[in-house]
Amino acid sequence: MTVQQPNSFRTGPDERGHFGIYGGRFVAETLMPLILDLERAYNEAKADPKFQKEMDGHLASYVGRPSPLYFAERMTQHIRKTASGLSDGGAKIYFKREELNHTGAHKVNNVLGQIMLAKRMGKNRIIAETGAGMHGVATATLCAKFGLPCIVYMGAVDVERQKPNVLRMRMLGAEVRPVQSGARTLKDAMNEALRDWVTNVADTFYCIGTVAGPHPYPAMVRDFQSIIGRETREQMLAAEGCLPDSLIACIGGGPAAMGLFHPFLDERAIEIYGVEAAGHGIPSGQHAASIAGGRPGVLHGNRTYLLMDSDGQIVEAHSISAGLDYPGIGPEHSWLNDMGRVKFLSVTDDEAVAAFQLCSKLEGIIPALESAHALAKVPELAAQKPKDHLMVVNLSGRGDKDLASVEAFLESKK
Ligand SMILES: *Cc1c(COP(=O)(O)O)cnc(C)c1O
């Protein structure tokens with residue numbers, strides 16, 4: 001199928017929040033004024049040099065940016081040595097080290113922006129949803145820093161599964177509210193947060209953790225995360241005198257990936273890969289690959305690829321990586337998929353755990369299981385490229401939180 005390519009991949013969404021047929025704002029009448037208010041405030045903040053300057057200050061002194069761009073020399077050598085039939089090939093691998101950010105992942109980039117926006121709007125009560133707990137921890141962290149009350153909605157099943165992050169949020173002063181509806185996981189937590197927002201319109205700011213939700217969230221979260229790609233451009237130019245040749249990142253809802261990809265979308269020679277979680281394998285039905293195993297529908301205020309049964313009911317996602325098991329994907333990713341600009345791949349639990357172990361031993365970096373999904377595709381992609389091909393992997397987070405899951409997974413295979 002040939003699709004009409006736009007002049008630029010970077011101008012979306014349109015004024016109603018659409019990326020092609022995706023995105024939009026499918027919300028209750030009562031939420032509309034809030035969403036419009038947020039959009040107005042965000043557009044003003046974006047154009048205000050004072051807001052940007054203050055954010056840059058916090059990014060440097062609190063988050064710890066810029067995060068390094070690191071040449072993964074031993075992984076590069078390992079791939080060159082082990083890939084069969086390589087005479088002269090094997091790309092040069094770089095890691096964009098988002099795992100070194102305060103709180104251990106990329107999520108803080110977005111939360112900082114939204115909490116600063118909340119303060120600017122005079123909203124003094126922050127709510128958030130969380131699945132694995134990482135977005136909840138980032139939100140609780142910045143609410144502590146700025147002295148704001150924080151309520152985190154979390155599915156009751158996730159509260160049980162992700163105890164350490166629940167304890168972190170409480171230590172940071174946040175209230176964690178277990179959600180008992182539906183499957184009692186992330187999707188239900190997000191529904192509950194939207195309900196809270198409608199009933200507390202005057203003082204509440206809803207801090208969304210992913211590039212989904214009603215417009216302007218997908219664009220706003222992308223913009224806050226785009227610091228990843230902007231830094232990568234500068235750092236690669238400084239290191240190699242040119243831009244990278246390929247980019248690769250894992251996808252839960254998609255902010256880590258979109259943040260790396262967006263500044264490069266119009267350099268069409270750059271190959272871009274998003275990696276979804278294939279769990280037990282796409283045919284098993286137990287996975288979190290919305291593009292590979294889903295179809296377009298509406299959830300949480302936007303149209304996008306979703307995991308659904310034949311009746312259109314949302315089905316639970318599965319992945320060994322709790323941060324990837326969202327049953328949808330950001331609408332901009334859905335559009336980039338249909339346009340053929342980003343290629344979507346998927347990686348099983350087994351492959352991700354193998355990559356987790358390999359990266360730890362070769363580079364002395366224990367990656368998050370989420371990031372290990374991107375790493376798992378690197379050997380195969382890099383082996384097909386010449387030695388002067390520069391490949392950047394988004395190392396979205398660190399893996400301390402995943403040691404128990406990996407241990408249990410390896411035990412179960414014995
Ligand atoms: C949440 C999380 C992800 C998921 O990526 P999205 O940006 O939500 O697509 C990836 N890596 C880490 C370390 C995470 O915490």
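Just follow the structure's listing: the first ligand is 1, and inside any ligand the first atom is 1.
- Ligand-side atoms of ligand 1 in range of G254: 6 (P), 9 (O), range being under 4.0 angstrom from any heavy atom.
- Atom 5 (O) of ligand 1 has its closest protein heavy atom at G252 N, 3.7 Å.
- Taking distance alone, with nitrogen or oxygen atoms compared against 3.5 Å, G323 stays at or beyond that limit from ligand 1.
- The part of A368 lying near ligand 1 is the side chain, judged by heavy-atom distances below 4.0 Å.
- Relative to the six-membered ring of F71, K92 meets both conditions, a distance below 6.0 Å and an angle of at most 45° to the axis.
- If you check the side chains of E351 and T348, you find a donor sitting under 3.5 Å from an acceptor.
- Residue-to-ligand polar distances keep G397 apart from ligand 1: every N/O pair is separated by 3.5 Å or more.
- Side chain to side chain, D349 and H318 meet the donor-acceptor criterion of an N or O pair below 3.5 Å.
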* To do: For the pair D245 and H389, evaluate side chain to side chain contact (heavy atoms under 4.5 Å, CB included) and give the outcome as yes or no after the intermediate values.
  => CA-CA 6 Å; D245 298 294; H389 180 105; 3.3 Å; yes
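- Residue contacts with ligand 1 include H106, since one or more of its heavy atoms lies under 4.0 Å from the ligand.
- In this structure, A257 does not count as a contact residue of ligand 1, since none of its heavy atoms falls inside 4.0 Å of the ligand.
- In this model, a donor atom of one side chain and an acceptor atom of the other lie less than 3.5 Å apart for Y305 and D338.
- Aromatic ring centres of Y42 and F224 lie closer together than 6.0 Å.
- Ligand 1 has an N or O atom lying under 3.5 Å from an N or O atom of K107, backbone or side chain.
- In this structure, atom 12 (C) of ligand 1 lies nearest to the protein heavy atom S396 OG, 3.6 Å.
- Below 4.0 Å from some heavy atom of C250 lie the following atoms of ligand 1, by number and element: 10 (C).
- For ligand 1, none of its N or O atoms has an N or O atom of K401 under 3.5 Å away.
- In this structure, of G133, P255, A105, the residue bringing a heavy atom nearest to atom 6 (P) of ligand 1 is P255.
- Both cation-pi conditions hold for K145 and Y62: the charged atom is under 6.0 angstrom from the six-membered ring centre and inside a 45 degree cone around its axis.
- For the pair R97 and Y70, the cation-pi criterion (under 6.0 Å, within 45° of the ring axis) is fulfilled.
- The closest protein non-hydrogen atom to atom 10 (C) of ligand 1 is E370 CB, 3.3 Å.
- Between I251 and ligand 1, no pair of N/O atoms sits closer than 3.5 Å.
- For the residue pair H287 and S346, no side-chain donor N or O sits within less than 3.5 Å of a side-chain acceptor on the partner.
- Using a 3.5 Å distance cut-off with no hydrogens or angles, the side chains of K96 and S67 do pair a donor with an acceptor.
- Short contacts between ligand 1 and M134, defined as distances under 4.0 Å to a heavy atom of the residue, involve ligand atoms 15 (O).
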